[in-house]
Structure formats: structure tokens, C-alpha cells
Enquirer: 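Here you go, one structure.
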Amino acid sequence: MQRRDLFSALLLPFLSVVLPSAPAAGSANATRTPLLISEWEWQDLAQRRETDPELDLLVLAILERAKKDLTLPLPERKLIGKRLLSVSRELTRRCLGWAFAWRLSGDTGYAERAVAELQAVAAFSDWNPAHYLDVAEMTTGVAITYDWLYEVLTPEQRLQIQQAIIDKGIAQARSGHATYKRDNNWNQVCITGMILGALVVADSQPELMRAMLAPAIAAIPIGLKAYQPDGVYPEGPSYWSYGSTYSVLLLAALRQHRLGDWGIGGTPGFMRSALFYAHSVGPSGKHFNFADGGEGQELAAALVWMARELQQPVLLDAKRALIRQKNGSNDRFATLSALWWPAQRDSAEALETQFAGQGAQPLSFWRSSWQDPDALWFAIKGGGAAHSHAHMDAGSFCLDWAGLRWAKDLGMQDYQSLESRGIDLWNNKQQSPRWKVFRLSAEAHNTLMLDGQPHRVNAMAGMTNSAKDRAQIDLSAVLGIAHAVRTAQFAGTSVRLDDQLSGCQPQQQVRWAMCTTADIRIQGNIALLTQQGKQLRLRFEGAPVSLQIQDISAPRADFDAPNPGTRQLLAFGKIADDGCWQLACTFEPVINGLRCLV
């Protein structure tokens with residue numbers, strides 16, 4: 001018997017004792033277990049606000065946003081392309097904000113507006129089951145809001161909302177759902193949405209709840225494989241926040257209902273992934289946004305919950321800065337972040353300045369300091385394109401210094417902008433139109449190309465760390481040659497990137513690239529980058545190369561998005577007669593016209 005089947009067999013008899021028998025539907029007198037948040041967490045919020053200025057700022061911002069949202073129109077069932085997802089997410093953001101504001105202020109106007117929102121989506125013909133993420137996210141938002149507003153709902157309103165959760169949400173997963181078999185964020189989001197919905201209606205539908213548990217429990221490990229072995233989430237930091245937040249929602253709900261944690265918390269790499277995410281934010285406040293991710297941060301409720309569980313509030317330093325900049329309150333789970341926000345500790349342990357992790361997309365991070373806003377930070381990855389949301393970005397890197405992003409990743413392009421143009425975006429084959437999209441191609445990333453050829457989709461670039469300050473990325477299979485190794489050496493005041501190729505055809509062209517928004521001036525084998533009065537020097541040594549600047553701000557094709565203010569620094573070289581090529585680039589911050597020595 002497989003481990004997950006054994007776990008299911010052991011747990012299910014216990015559930016029949018824990019889950020309630022059915023009281024009268026809609027009964028206000030039935031003893032209810034809160035879905036996610038305990039009464040203690042609600043009550044403790046006021047005290048924690050008094051001693052934590054960032055938490056207080058966050059709560060005030062959520063309340064201000066909830067007040068502004070009262071003027072918004074009721075939601076309509078309008079799809080964008082094939083998705084209702086924006087409506088589902090907006091429902092969650094608005095309603096959690098209003099329910100939160102009502103719980104804190106006692107102003108029934110907030111509760112009434114949230115109820116009207118719930119009734120509006122309950123009247124939709126469906127929640128778009130053709131794109132099941134929409135159903136899962138809508139069910140999640142409705143379930144949490146229903147739980148928070150339960151005591152002010154009339155019996156008729158409870159029945160109406162419960163019936164919508166059942167008919168438009170969880171009944172479709174009575175025996176599981178096809179999305180459960182996916183090994184990416186869909187598994188996490190869809191299982192969580194269905195179980196939250198089932199838990200919130202379990203008082204009237206206990207048999208439906210029991211029927212849904214076994215397939216959900218069996219499928220949980222499929223999505224959690226992504227975290228193994230070291231917590232590097234292969235879909236990138238943005239999707240880490242998405243998938244992990246839903247896994248944390250499920251964990252919190254299971255604990256509230258004394259159903260264990262279904263092995264989620266103990267999954268190798270799951271809790272350590274909080275370190276991966278924290279390290280992924282550079283001193284600029286921007287992510288190492290590999291795969292389909294964006295540079296910008298979000299509040300990341302999963303990180304808040306993990307910081308509390310791990311008793312490491314230091315993990316939230318970047319989020320504190322985000323809140324001080326008056327950002328984060330627009331996150332749809334900002335209310336949960338406020339409720340889960342950990343108490344500050346007098347002697348918080350400092351994080352390591354280096355992180356390395358294996359997995360489908362192995363990577364390394366370094367920074368010269370966590371406290372210095374001008375710290376040098378460097379991130380580099382291996383991996384490959386044959387993964388969910390992946391780009392042709394094996395060997396790509398990002399670099400921050402002086403609070404600025406110098407080497408950047410262009411990030412994802414909006415899916416609808418491509419799908420509406422007929423791009424088969426979810427086809428990962430070598431000749432797929434996906435790889436014609438500039439931002440997703442090897443050409444757009446800070447990596448190597450040989451003779452202008454795309455990276456090999458099914459190839460994997462492994463990473464080894466022979467020392468804490470060094471990482472080697474094996475690009476041989478990705479480039480389709482006998483030997484290609486990119487070595488990153490972090491010295492604290494500089495970074496050296498060495499590329500060595502062999503087994504190539506003589507005179508093949510090698511292309512070295514780096515995207516930046518800095519101004520570039522080329523002086524022989526040196527490129528001097530300037531932005532906001534700061535300078536970074538790139539010094540090239542080794543094989544002869546021609547340094548060039550290419551403006552990539554305008555779209556390449558009619559389906560490509562623009563990249564405003566962005567250019568590439570390119571180094572072109574030729575493979576020598578012996579089939580070899582070697583180039584080293586040293587990145588050196590410049591202070592007062594001199595290379596940084598401290």
C-alpha cells in the first residue's frame with residue numbers, strides 16, 4: 001500500500017468521529033468550529049497592534065480600503081477570455097476586507113455590503129467550471145466570508161449561500177476532480193477550495209464532506225512534490241505565494257477542525273520554502289522573478305503564517321518595508337496576514353546571507369548583508385523549460401546593488417494578451433509557439449545562446465555548490481554541446497561569472513546577454529552601467545568579444561508586450577578552432593569613481 005493510501009485509510013475512520021452529525025440546516029444555535037481563524041486570533045489582534053507599528057499600519061490600510069470599496073458595483077459574471085478568475089479574486093478581496101472591517105468596527109454597513117456581494121455571486125449561473133481555478137477561488141472567498149459573517153446572516157441567507165457553495169462548487173468534486181492530479185499550483189488551490197467549502201457546510205452536509213475527503217487526502221502529495229527536496233518552488237516566487245497560501249489555508253482549517261495536517265507541514269521542503277521566498281527578494285524590494293513571475297512583491301499570507309509557525313519574524317522584514325511604503329493592503333488575503341502576523345521577538349536570529357536549493361529549478365542566492373539597504377545581492381538558477389510556467393531561463397541571473405535592480409528578468413506576459421492572439425501558450429514542445437514569445441525565450445534572459453538557437457526544452461541544467469560562495473550551472477544539455485559550465489563566484493563586494501564551453505563547432509557564435517534598465521556606456525572590454533547616480537562596472541576577460549547595446553523596449557512581434565526603458569548588454573564571440581570558448585565577467589560596484597572595496 002502506498003504511503004498516501006495508508007494515511008487515508010488510517011485517517012478516515014477518525015473523521016467520522018470528528019465531523020458533526022447534521023443539525024437543523026441553518027441553525028444559529030449549533031456549536032460551530034471557526035473555519036480558519038480562532039476567536040483567540042481575533043481577540044489578540046488589538047494587543048499586537050499596540051506593540052507593532054507595521055501591523056497597525058496594515059490594519060488601518062485594510063480598513064481604509066474596505067471603506068473605499070463600499071462604492072464599488074456588485075460583481076457580474078463576466079469572463080476575460082476563458083476565465084472568471086478576476087471576479088473570483090475580487091470577491092475574495094472585497095468580502096474579506098468588509099467582513100474584517102465589521103469584526104473590528106461593529107459597523108453593520110460592512111457586513112450588509114459583504115452579504116450583498118455573496119448573494120450576487122450565489123445567483124450566477126455557475127462559477128465557470130470549465131476553468132476550475134475560478135470555481136476553487138470563488139468557493140474559498142465565499143466560504144471564508146460566510147464563516148466570518150455567520151452570526152449576522154439570516155437563516156434564509158445561510159441556506160442560499162450554502163446551496164451556492166454546494167451546487168456551484170464542491171458538488172463537482174464529490175469524487176475528486178481532474179485538477180487534483182496536477183503537479184502544480186492547481187492541485188493546491190483546487191483541493192483547498194473544495195475542502196474549505198465542504199468544511200463550512202459540513203453541519204448540513206456531513207456525508208458530502210466525508211465523501212470528498214478521501215480523494216483530496218490521496219491527491220495532496222502530488223502538488224507538494226514541488227517543494228522537495230529543499231523548498232525551491234519551481235514555478236517561481238510569485239506562484240510560490242499563490243500555491244503556498246492555499247496550502248496554508250488548508251492547514252489552518254484542518255487544525256481548527258482537529259483533522260491533523262494531512263502530512264502537509266511535514267512535507268520535505270515545505271516549511272523551508274519560506275527561506276527560499278525570503279531570499280528571493282533582493283534589497284531593491286524586487287523578486288528574482290524566474291518563470292511566470294513578476295518583480296513586484298505581494299504581502300504573501302503564506303510567508304506570514306510560516307514566519308509565525310517557525311518563530312522567525314525576521315522572515316517578514318521585506319514585508320514590513322512594503323507596509324511602510326503603504327503597499328500590501330490590496331492583497332486579497334491581506335486580512336489573513338494581519339490575523340496571522342507574528343509577535344515581534346527581542347532577539348530574532350539573523351538569516352544566513354546565502355541560500356542554495358536543489359529541485360526542478362535549482363538556484364542560489366547571496367547577499368552581502370540583510371541590514372544594509374545598499375547590499376550586493378546576486379541570484380542565479382539552473383533547471384530548464386520543461387516545467388509548469390517555466391521559461392527558457394537556465395543559467396539566468398539577477399543582480400541588485402545600492403537598492404537598485406541592475407540585471408533583471410523581464411518576467412511573465414499576461415496570458416490573455418497571448419491567448420487572444422491565438423498563441424498555444426500551454427504547449428511546452430520544442431517547436432511550440434510558446435517559445436516564440438520574446439519574454440519566455442532564451443533570447444530575453446540573462447544566459448547564453450549558441451548560434452541563435454533556443455534552449456533545448458527537455459534538457460536540465462544541474463547546479464552544484466562546491467563552496468558557500470560558489471555555484472556551478474551545467475548548461476551542456478541545454479545548449480546541446482559536450483561541455484558548458486557557468487560558474488558564479490560571490491565575493492561580497494563583487495560577483496564573477498565564468499563561462500566555459502568545449503566540444504563546439506569552430507566559428508559558432510556565442511551570445512552572452514543581460515537585461516537592464518540602466519544606461520550603458522561601452523569602453524573596450526568594460527561596460528559602465530549608470531542609474532540614479534550609481535554606477536556598476538562590468539569587466540569582460542577571456543575570449544575576444546564584441547560588446548553591444550540592444551534596445552528591447554519595443555515589441556518584437558505583434559503578440560509581444562513592450563519592455564519600457566529596457567535594453568540588453570550583449571557580448572558576441574566565436575568558438576575557437578579547438579572547439580572551446582571562455583569568458584569571465586566581473587560585476588563591480590563603483591563608489592566615488594573607484595571599485596567598491598568595502
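Just so it is clear, the structure is predicted and the values come from calculations on it, not from any experiment.
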Enquirer: Using the benzene-type ring in the case of Trp, are the ring centres of Phe288 and His279 under 6.0 Å apart?
Expert: no

Enquirer: Say whether Gln47 and Thr51, considering side chains only, have a donor N or O and an acceptor N or O under 3.5 Å apart.
Expert: no

Enquirer: What heavy-atom pair brings Ala318 and Val281 nearest, and what distance separates the two atoms?
Expert: CB-CG1, 4.1 Å

Enquirer: Could Glu41 and Arg308 be called an ion pair, given the rule that one side-chain N must be under 4.0 Å from one carboxylate O?
Expert: yes

Enquirer: Is the closest side-chain donor-acceptor distance between Lys286 and Gln297 under 3.5 Å?
Expert: no

Enquirer: Can His131 and Asn128 be counted as having a side-chain donor-acceptor contact under 3.5 angstrom?
Expert: no

Enquirer: Would you say Asp400 and Ser284 are linked by a side-chain donor-acceptor pair, where the criterion is simply a distance under 3.5 Å?
Expert: yes

Enquirer: Would Gln361 and Tyr233 count as having a side-chain donor-acceptor pair, cut-off 3.5 Å?
Expert: no

Enquirer: May I ask you to check whether Ser280 and His287 show a side-chain donor-acceptor distance below 3.5 Å?
Expert: yes

Enquirer: Between Trp370 and Trp377, does the ring centre distance come in under 6.0 Å?
Expert: no

Enquirer: Answer yes if the side chains of Ser244 and Tyr227 hold a donor-acceptor pair under 3.5 Å, and no otherwise.
Expert: yes

Enquirer: Under a 4.0 Å N-O cut-off, is there an ion pair linking Arg113 with Asp69?
Expert: no

Enquirer: Considering only NZ, NE, NH1 and NH2 on the basic side and carboxylate oxygens on the acidic side, decide whether Arg93 and Asp331 come within less than 4.0 Å.
Expert: no

Enquirer: Return the orientation label for the Tyr246 and Phe333 ring planes: parallel under 30°, perpendicular over 60°, tilted otherwise.
Expert: perpendicular

Enquirer: Assess the side chains of Thr33 and Gln256: does a donor N or O sit below 3.5 Å from an acceptor N or O?
Expert: no

Enquirer: When you measure from the centre of the six-membered ring of Tyr150, is the NZ or CZ of Arg158 under 6.0 Å away and within 45° of the axis?
Expert: yes

Enquirer: Can the ring centres of Trp426 and His389 be said to be less than 6.0 Å apart?
Expert: yes

Enquirer: Look at Arg367 together with Glu352 and state whether they make a salt bridge at an N to O cut-off of under 4.0 Å.
Expert: no

Enquirer: Would you kindly say whether Ser204 and Gln162 are connected by a side-chain donor-acceptor distance under 3.5 Å?
Expert: yes

Enquirer: Going by side-chain contact (heavy atoms from CB on, under 4.5 Å), name the residues that satisfy it together with Asp52, two or more places apart in sequence or in a different chain.
Expert: Glu54, Leu55, Arg320, Trp341, Gln344

Enquirer: Between Arg332 and Glu90, is there a side-chain N and carboxylate O pair less than 4.0 Å apart?
Expert: no

Enquirer: Dump the intermediate steps for side chain to side chain donor-acceptor pair (under 3.5 Å) on Tyr180 and Gln188, then the final yes or no.
Expert: CA-CA 8 Å; Tyr180 290 13; Gln188 297 167 277; over 6 Å; no

